[in-house]
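Each remark here refers to the structure printed beneath this line.
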Number of protein chains: 2
Amino acid sequence: MSKAEILIIDDEPQIRKLLEITLESNDFKVWLAETGKEGVIMAANHPPELILLDLGLPDKSGHEILKELRTWYNKSIIILSVQNNETDIVQALDNGATDYLAKPFRNAELLARIRSAIRRNQTPNNNNVINCDDVEIDLTARTVKKNNELIKLTSTEFNLLVLLAKNEGRVLTHHFILKEIWGVGYQTETQYLRVFIGTLRKKIETNHNQPKHIVTESGVGYRFC
Amino acid sequence: MSKAEILIIDDEPQIRKLLEITLESNDFKVWLAETGKEGVIMAANHPPELILLDLGLPDKSGHEILKELRTWYNKSIIILSVQNNETDIVQALDNGATDYLAKPFRNAELLARIRSAIRRNQTPNNNNVINCDDVEIDLTARTVKKNNELIKLTSTEFNLLVLLAKNEGRVLTHHFILKEIWGVGYQTETQYLRVFIGTLRKKIETNHNQPKHIVTESGVGYRFC
DNA sequence: ATTTTTCTTTATAAAATCTTTACAAATTTT
DNA sequence: AAAATTTGTAAAGATTTTATAAAGAAAAAT
């Protein structure tokens, strides 16, 4: 599972730094923007899982930025603000903010609210899939489809296929593959690998005499796609 | 559009009255419960669009009620509490609370947070019935039907089936299932799991030698559907 | 207090997967 | 082109994993 990405839009350097440290040490990937404009551009280029938005920005009102983001961004936006008046809170929530936290906020609470907001983003099918021609590998579900039909792989076969697919186009040496799948100590058991590559090919190649997906690099290893 | 229904679970009569008046004048239909137990029953009989839950209940801790509700209720639950300490807030949010508001709260803010929470309900995946071929699982009533006939499951069997069904199509590892159903500390008791999968199959599979619903992924875990 | 139900544990059978061997086929080197 | 090396395939044996029954323990219901 890769890290969830959070975009922070705040003009105060200390707050940015504090948030950056807190969030990164809690296993999030953090992006920083100083102005609303910059934030909108960053969000558009690389939509994060969640946005932390300060209301008091120098260029535009945070409320404006929120509205602008909400025209297309539909994941969570948590407002951070020194303003703790009802008007701002109500306005922000009604403009589509997921949550509103007054500064100074408490770290653990912020983190819990972030987890909660991200949890709610999680629609059932945001699975992690690798596609390659007629082969589709779903890492979360642990399924492999060929021409949209489910294929049954054993655990080791699946792990091997994922390793190859994750390194698509790259040659992986026998040593490397054996170390990754079977562990250190098995690095010379190249025969294991041959047998498993064989069964994999039978299952995912259309014509297993002319493999298109799992290609042999004689003397070196194998390459996917 | 009919009125959205809100269930209030709070033991303080003044608060109940205050909330009732506020919410009804804002076009919500209000249900009232004085104790956690009563609240759970009312929620089950007539699932509301949102639940306002007080943490300091006389019969059980509000945290317990929250957990109990969250085993099947997946619309919004907002916590109201006189406690404003981080521990309670974090615990509640991590147990699946949608939001947490400290008493005394401001009316307009509460209303805005309620609107926000209800707005988010509209998005998918708040279905309380899972259908899969000839099997129908009703999370609210805690019943399972096969070909429209009720099937009797024990509590553990039901929980296991729900866990699998909620993750339809995805492999769940032995470890994960054991942790979720039996709790941490049971993660190596894979034999429990085998026995329970066995009885579940006998009950819901048409031909339990060729299971269609609960599929074994040897060396990894099980998959539903 | 007794019966019934559910859960835990043990034993064993069955199935699936992995490892190993043997040899054929393909590729590279000489 | 022949020899040497590497790779692919099939199949047998070994091992691991899973399924099922059934008995004892614990919990719940009567």
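Within every chain, numbering begins at 1; the chains are lettered A, B, ... in the order of the sequence lines, protein sequences first and strands thereafter.
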Worksheet item: Counting just side-chain N and O atoms, does A/R201 come under 4.0 Å of either OP1 or OP2 of D/dG8?
Response: yes

Fill in: Side-chain donor-acceptor pair present, A/S155, B/E217, cut-off under 3.5 Å
no

Worksheet item: What does B/Y222 touch in the nucleic acid at a heavy-atom separation under 4.0 angstrom: a base, only the sugar-phosphate, or nothing?
Response: sugar-phosphate

Worksheet item: D/dT7 P sits how many Å from A/I214 CD1, rounded?
Response: 15 Å

Worksheet item: Want to settle it: does B/S155 or B/G219 sit nearer the 5' end of DNA chain C, counting the closest nucleotide to each?
Response: B/S155

Worksheet item: Any side-chain N or O of B/H174 under 4.0 Å from OP1/OP2 of D/dT18?
Response: yes

Worksheet item: Does A/Q191 get its side chain close enough to the base of C/dT20, under 3.5 Å, for a donor-acceptor pair?
Response: no

Item to complete: State whether B/T154 places a side-chain N or O below 4.0 Å from either non-bridging phosphate oxygen (OP1 or OP2) of C/dC7.
Response: yes

Worksheet entry | Rounded distance (Å) that lies between atom C1' of C/dT20 and atom CG of A/L193 | 15 Å

Practice prompt. When you get a sec, tell me which of C/dT6, C/dT8, C/dT9 is the closest nucleotide to the side chain of B/E189?
Written response: C/dT9

Worksheet item: When we call it a touch if two heavy atoms are under 4.0 Å apart, what does B/T156 touch: a base, just sugar-phosphate, or nothing?
Response: sugar-phosphate

Practice prompt. Take the protein atom CG of A/L178 and the nucleotide atom P of C/dT19, then report the distance between them rounded to whole Å.
Written response: 10 Å

Discussion item. Rounding to an integer number of Å, can you tell me how far B/F196 CZ sits from C/dT9 C1'?
Written reply: 12 Å

Discussion item. With a cut-off of less than 4.0 Å, is there a side-chain N or O of B/W182 near OP1 or OP2 of C/dC7?
Written reply: no

Worksheet item: Just to confirm, is there a sub-4.0 Å distance from OP1 or OP2 of C/dA15 to any side-chain nitrogen or oxygen of B/N209?
Response: no

Worksheet, complete the sentence: Quick note, A/R194 side chain, CB onward, closest among D/dT18, C/dT8, D/dT7 is D/dT7

Discussion item. Does D/dG8 have OP1 or OP2 under 4.0 Å away from a side-chain N or O of A/T216?
Written reply: yes

Worksheet entry | Interatomic distance where CD belongs to A/E205 and P belongs to D/dG8 [whole Å] | 11 Å

Worksheet entry | Residue met sooner reading DNA chain D from 5', once A/I197 and B/V220 are mapped to nucleotides | A/I197

Practice prompt. Answer yes if the side chains of B/R201 and B/N209 hold a donor-acceptor pair under 3.5 Å, and no otherwise.
Written response: no

Worksheet item: In terms of side-chain heavy atoms, does B/T98 have a donor or acceptor partner in B/K75 at a distance below 3.5 Å?
Response: no

Worksheet item: Can you tell me how far C1' of C/dC7 sits from CZ of B/F158, to the nearest Å?
Response: 19 Å

Worksheet item: Which sits closer to the 5' end of DNA chain C, A/L153 or B/E157, going by the nucleotide each is nearest to?
Response: B/E157

Discussion item. Under 3.5 Å, is there any donor-acceptor pair linking the side chain of B/E217 to the base of D/dT17?
Written reply: no

Worksheet item: Given D/dA21, is OP1 or OP2 found less than 4.0 Å from the side-chain N or O atoms of B/K202?
Response: yes

Worksheet item: B/K152 side chain N/O closer than 4.0 Å to the phosphate oxygens (OP1, OP2) of C/dT4?
Response: no

Worksheet item: Atom NE2 of B/H208 to atom P of C/dA15: distance rounded to whole Å?
Response: 12 Å

Worksheet item: Side chains of A/Q187 and A/H174: do they bring a donor and an acceptor to under 3.5 Å?
Response: no

Discussion item. So does A/I21 get a backbone contact from the side chain of A/S25, meaning a donor-acceptor N/O pair under 3.5 Å?
Written reply: yes

Worksheet, complete the sentence: Here the distance between atom P of C/dT6 and atom CD1 of B/I181, to the nearest Å, is 17 Å

Discussion item. If you take the centroid of each ring, where Trp contributes its six-membered ring, are B/W182 and B/F196 closer together than 6.0 Å?
Written reply: yes

Worksheet item: So, is B/Y192 close to the C/dC7 phosphate, meaning a side-chain N or O under 4.0 Å from OP1 or OP2?
Response: no

